[in-house]
Amino acid sequence: MSGKVAISLTVNGETIEALVAPRTTLADFLRQDIQLTGTHTGCEMGVCGACLVLLDDRPVHACLMFAVQADGCAVETIEGLTHRRAIDDLQKVFHERNALQCGFCTPGMLVSAYGILASGGEPDRDGIRDALSGNYCRCTGYEAIVDAIEMTARQRRQHREEEA
Amino acid sequence: MNAFAGSIDRPNSYIGRSVSRPNAKRLLEGRGRYVTDLVLPRMLHAAFVRSPYAHGRLVSIDIEEAKALSGVRAVFTGEDLASICAPWTGTLEHFNNMKSPPQVPLPLEKVMWSGQPVVLIVADSRAIAEDAAELVIVDIEELPALADPVEAMSAEAMSQELADNICFATKLDSGGVEEAFDAADTTVGQSFIFGRHTAVTLEPRAIVADYDPSENRLTAHHATQTPYQFQDVYSRHYGIPEANVRVIAPDIGGSFGMKLHVYHEEMAVVGASILLGRPIKYVADRMESFVSDIHARDHRVTGRLALDRDGRITAMDVDDVTAIGAFSSYPRTSAVEGNQVIRLMGAPYDFSSYRANLSVVFQNKVQTSQYRAVGHPIACAVTECLVDAAARELGLDPFEIRERNLIPDNSYPRTSPTGYQFEKLSHQVCLARLKSIMNYDDLLAEQADLRVKGVLRGIGIALFVEITNPSPAFYGVGGARISAQDGAILKLTPSGEVHCSISVTEQGQGTETIIGQIVADQLGIDREKVRVMTGDTDTTPHGGATWACRGAGIGGETALQAARKLKANLLAVAGLILQAQPGELDIRADWIVEAVTGQQRISLAEVARIAFFRSDTLPPETQAQLSVVHHYAPQGYPFAFTNGAQGCLVEVDAETGFVKILKHWVVEDCGRIINPLLVDEQVRGGVVQGLGAAFFEECLYNEDGQLTNGSLADYLVPMACEMPDIEISHVETPTRDTELGAKGCGEAGTAAASAAAMNAVNDALVGHGAVLTQIPMTPTRILRALGTI
Amino acid sequence: MKARAFDYMRPKCVQEALEAFASADGDASYIAGGQSLVPALALRLQAPGLLIDIARLDELRGLSIVDGHLRIGATTRHCEILGSNLVREHAPLLAKAAPFVAHPAIRNKGTFGGSLALADPASEFPAMALALDAIIEIASVEGSRRVGAGDFFIDLYETALQPGEIITAVHVPVATVKTRTAFDELARRRGDYAIVGAGIDAQMQGGFVERMRIAFLSVGPTPVRVSAVEAALTGRQLTPEAIRQAQDVLGTELDPAGDEHTPPKMRRHLARVLLGRLLGRLEANV
Ligand SMILES: Cc1cc2nc3c(=O)[nH]c(=O)nc-3n(C[C@H](O)[C@H](O)[C@H](O)COP(=O)(O)OP(=O)(O)OC[C@H]3O[C@@H](n4cnc5c(N)ncnc54)[C@H](O)[C@@H]3O)c2cc1C
Ligand code: FES
Ligand code: FES
């Protein structure tokens with residue numbers, strides 16, 4: 001039982017071929033096997049949101065799936081989002097607004113924020129708080145994070161209007 | 001002193017500015033380096049077998065099958081580690097007659113709480129270590145568990161080393177209390193229960209212990225806020241020279257006091273690394289965190305106030321019973337919380353007769369100890385709820401009764417009836433400011449309107465005093481090797497930048513940023529040219545690090561004085577180069593300038609170049625001192641007190657008991673503000689931890705001493721949807737004890753948030769015959785108080 | 001918190017999945033969204049020797065109208081329910097309940113079939129399946145069968161599913177012009193499993209209740225239909241008095257258990273409050 005399984009997936013746009021134990025979660029695979037330590041784990045049971053990554057462009061918990069299940073999928077982590085400059089604006093506003101303290105929740109918050117803003121809408125504060133319902137942050141008290149996402153949504157809308 | 005007022009507009013003046021944190025960028029890009037991320041060559045992983053019982057006698061431990069599992073490298077039990085580790089005892093000498101049983105990494109005879117680590121497995125991966133843990137057979141004879149503190153007070157001692165279950169008891173009595181109560185026109189009294197809660201840092205506790213036998217050298221990569229304290233602990237308890245112990249605290253995923261205590265797991269892992277000569281990593285998983293991180297609070301308090309006919313407080317009388325688990329924590333002890341509770345009672349108010357009784361008791365639960373705002377929320381809630389009760393009794397508005405009783409701003413210095421010396425506080429200004437930022441009169445009108453429609457809004461306020469900038473009076477005098485001073489090294493680079501290594505540490509609050517601001521400000525250079533390093537005992541001077549809100553006040557002063565020292569040295573060299581008097585020169589915007597005219601003379605980079613590479617061109621005998629070391633220990637007042645006021649607006653659904661927190665306000669006075677942005681976010685984070693305690697967080701135990709909600713799904717931390725926006729306003733009364741004038745602010749939010757929330761809920765329920773005096777205020781408790789269920 | 005070792009396979013069709021399970025001697029588990037199973041594995045509460053991944057089987061996907069029913073493929077994810085116009089139009093009660101299921105990222109993976117198969121009494125969709133009188137389509141090596149929601153939920157985490165059976169789809173009768181629905185729940189925090197929740201699916205005509213089904217979550221070992229309450233309201237208008245009487249009936253019909261946060265009395269009380277509120281806004285259909 002429990003031999004390793006060959007998988008092939010893309011992580012941050014790169015093809016990864018790997019042998020994994022079926023019990024290795026995607027979070028552990030990312031963090032340990034391919035050293036993408038930007039994805040964090042805070043509970044390993046889906047309640048803190050520190051491990052959020054994009055699976056085929058939607059936020060999911062990397063602790064709630066096994067790496068074998070990601071075979072053939074496209075995974076993107078905070079490192080990938082940063083590298084392809086998909087969240088430059090979010091990161092800049094988070095920085096200026098000091099929407100992070102210890103930073104442990106931050107990658108997950110940014111992945112959630114990416115998901116919130118992906119629809120192109122401009123959610124209100126309650127909508128943002130609602131969409132963050134699965135992201136725990138012990139340090140900030142959330143307000144600065146809500147501010148930063150709200151501000152980025154506004155900037156993006158203004159940007160779209162200018163382009164139109 | 002206090003040389004900053006009005007100077008905010010000069011170039012490179014950074015003190016008082018909201019600037020962003022340079023080190024936050026890497027965290028935003030997923031480039032943080034936490035202990036949980038660390039991998040070392042030949043590193044092994046640890047897991048623990050834990051006691052399923054809250055109290056029991058170890059009969060036997062069978063580790064054979066676990067040892068035989070492929071990938072398991074070692075299995076350790078109590079004796080293995082006790083033979084190389086000196087026991088530790090969590091007492092302080094200035095707490096008279098305090099006692100606690102000695103502790104060892106893994107138990108030898110008895111287990112004292114459910115979740116106590118009993119066996120350590122070391123394996124190639126954490127998963128294998130967990131597989132092996134399932135194969136260990138621990139036979140424990142279960143003993144009756146002492147879970148209830150009041151019962152524990154009189155029950156037979158659970159530790160064979162002790163005569164009873166009282167860890168520490170003390171009384172304070174200023175005299176005159178009985179007389180004041182006898183003479184009072186009004187007295188109010190209430191009994192309070194403050195639940196146990198815990199820190200729940202998002203990054204759990206983590207350590208990689210790496211012992212190198214060839215050099216008898218231990219390197220501990222440890223997610224702690226106090227690396228120097230752990231350097232001392234590992235050195236003394238494992239008999240390694242202190243200079244051979246290096247503790248590195250890299251990026252840390254939250255701390256809040258939880259990560260400065262000695263834990264059995266970390267001690268065991270260090271011991272295992274010594275025994276195996278290999279690096280070993282231990283990261284507590286969330287289930288382990290709940291049963292092994294320190295918990296906090298757990299108080300039963302009765303309090304009484306005596307007032308005269310004008311609603312002026314004449315006396316206060318309190319009794320606090322607090323339960324701390326099976327041991328007093330080490331090295332800071334578990335008695336500090338209770339001690340601060342009884343000393344902070346009534347702090348904002350002007351009265352002189354005070355009496356308090358404190359009992360700190362053992363029980364079969366995990367230890368409680370210092371967590372953000374040690375003791376403050378308890379003292380604040382008891383005081384402020386009693387003041388509100390008195391206001392209701394006397395028909396006074398909550399602001400009015402406080403205005404009548406506050407220590408007047410013009411009457412400092414003052415000593416409180418509990419012995420605290422207040423240099424200068426600003427309660428009256430803060431209270432007035434709170435009233436105006438809350439638009440209190442509008443709130444009252446709105447409340448009245450909504451009441452007619454059956455909507456129950458509640459407005460609550462609370463005043464607080466926060467202990468910051470502690471001197472050795474805190475721990476040092478009690479014999480603990482915990483430093484109250486800090487040290488900094490400033491080095492000029494040959495390119496004219498400055499490198500600062502300092503003993504205060506960073507957990508995201510912005511320590512490195514404010515130190516950089518202070519150094520840049522004092523030297524007159526661009527902030528980008530200052531690099532700040534913290535958290536490594538090998539490369540930074542010994543100091544107190546992070547606790548009791550001392551980073552800005554003490555660390556900041558250290559940096560300020562170090563920077564002034566370096567500046568003097570730089571001006572001296574520049575003077576030699578320019579053949580000018582150093583006193584006529586200054587540094588502005590990275591240039592040496594004429595102090596009077598501001599005319600640029602030579603760049604700092606050029607001074608550095610000459611000093612480092614062309615010392616031959618300097619006058620003979622010149623020895624340019626381009627690095628400085630400076631230590632600063634607080635003097636003057638034993639503590640600097642921050643103060644402030646908070647307000648909370650809630651809506652209570654009287655049918656369901658659910659509470660919506662609509663808004664929260666904070667006015668705080670932490671003296672000189674170095675970076676308002678960071679102060680505000682410290683306050684907000686602190687408030688939310690206080691609101692968590694007020695409404696959600698509680699470690700629930702059954703009568704067998706089992707934690708019944710020990711997972712992040714069952715223990716309710718505050719989340720984004722339930723938390724309000726928080727408005728903050730500042731009053732600045734710098735301390736005159738330092739040049740910088742800064743006091744702490746990190747615990748201010750937590751100190752009074754739960755008190756304001758309790759007052760708000762009780763205000764909403766006025767007229768419904770319900771008063772809540774227990775936190776968290778859950779829907780069930782609210783409906784019980786209302787008599788609905 | 002690491003799962004015990006197991007083998008993993010991803011069958012190409014339902015038949016292959018069923019056969020794989022059959023040859024595993026009962027030591028296997030299907031995994032769909034994994035949002036409930038993976039935490040259970042991490043906590044070592046469950047430790048099957050084989051995981052059979054059914055999340056990608058085309059046969060289990062999709063939303064469509066078949067024979068006057070909305071057919072929900074078992075692996076339809078919560079987010080698809082939430083975002084679907086088909087669901088909003090034909091099964092408005094599900095659309096109303098969906099935002100209360102967990103958090104966005106969990107809704108991106110968790111499946112409708114998985115939720116029913118797990119049959120957590122605190123879950124929204126099992127209770128709503130009951131309120132909607134849904135039909136559950138089940139495949140086994142012997143063939144396919146259909147079970148009504150009323151017969152599906154048997155006890156705590158126990159359903160009509162036999163070991164090795166797979167839910168392939170769920171069929172929900174489509175809404176009519178007379179349909180009125182309401183859903184709400186009381187949870188301490190957004191996205192938490194609720195202390196109590198309820199959904200109502202009713203047929204109303206001229207202000208009168210022609211038929212009403214009410215299902216509660218978190219009030220017993222299974223989702224709970226309150227037929228006495230339903231009967232008490234059928235044929236009546238939802239006057240304050242009718243609502244109060246329904247609440248009284250509910251008080252005798254429910255027998256919820258307590259947990260560490262909530263005593264039974266509290267649950268019963270909240271269920272009563274919730275029922276009143278839902279009935280009060282049923283006609284408005286919000
Ligand atoms: C933090 C958190 C909060 C949550 N909150 C809620 C909530 O508020 N409300 C709620 O309803 N749910 C909640 N969930 C659970 C979530 O909705 C799950 O997705 C759902 O319960 C199970 O669906 P799944 O597809 O993930 O199933 P899995 O986890 O894959 O499987 C669950 C069980 O069902 C079996 N199974 C799955 N699919 C089938 C099938 N087609 N046929 C037969 N057996 C099958 C599996 O073998 C397994 O035993 C929460 C989960 C988490 C982690
Ligand atoms: S680690 Fe995945 S949600 Fe907490
Ligand atoms: S910044 Fe520390 S947990 Fe969010």
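The sequence lines fix the lettering, A, B, ..., with proteins before strands; numbering per chain opens at 1.
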Interface moiety of Ala187(C) toward chain B, non-hydrogen atoms closer than 4.5 Å: backbone
N-O pairing of Arg44(C) and Glu134(B) below 4.0 Å: yes
For the student: nearest non-hydrogen atoms of Arg189(C) and Phe696(B), plus distance: CG-CE2, 3.7 Å
Part of Arg272(C) within contact of chain B (heavy atom distance under 4.5 Å): neither
Straight-line distance of Thr656(B) OG1 to Met266(C) CE, nearest 0.5 Å: 7.0 Å
Rounded distance [0.5 Å steps], CD in Glu698(B) versus CD in Glu260(C): 11.0 Å
Between Arg190(C), His269(C), Arg268(C), the one whose heavy-atom pairs under 4.5 Å with chain B are most numerous: His269(C)
Top of Cys721(B), Ala129(B), Pro779(B), Pro718(B) for chain C proximity - count of heavy-atom pairs under 4.5 angstrom: Pro779(B)
CD (Gln237(C)) with more than 12 external heavy atoms under 6.0 Å: yes
side-chain contact (heavy atoms from CB on, under 4.5 Å) partners for Ser711(B), two or more places apart: Met45(A), Met287(B), Ala713(B), Asp714(B)
Per-residue contact mode, Asp259(C) against chain B (heavy atom under 4.5 angstrom): neither
Proximal component of Leu43(C), with respect to chain B [non-hydrogen, under 4.5 Å]: side chain
For chain C, the option from Ala127(B), Ala720(B), Ser125(B), Ala47(B) that forms the most heavy-atom pairs under 4.5 Å: Ala127(B)
Leu716(B) versus chain C, the contacting section by heavy-atom distance below 4.5 Å: both
salt_bridge(Glu130(B), Arg4(C)) N-O dist < 4.0 Å: no
Which atoms of Val717(B) approach chain C - backbone, side chain, both or neither, heavy atom under 4.5 Å: both
Salt-bridge criterion met for Arg277(C) and Glu655(B) (N-O under 4.0 Å): yes
Side chain to side chain contact (heavy atoms under 4.5 Å, CB included), paired with His261(C), selected from Thr708(B), Thr780(B), Asn709(B), Thr778(B): Asn709(B)
Region of Glu288(B) in contact with chain C, defined by heavy-atom distances below 4.5 Å: neither
Under 3.5 Å donor-acceptor, Arg188(C) side chain and Phe658(B) backbone: no
Nearest non-hydrogen partners of Lys265(C) and Ile789(B), listed with the distance: NZ-C, 3.6 Å
From CG (Leu270(C)) to OG1 (Thr788(B)), nearest 0.5 Å: 10.0 Å
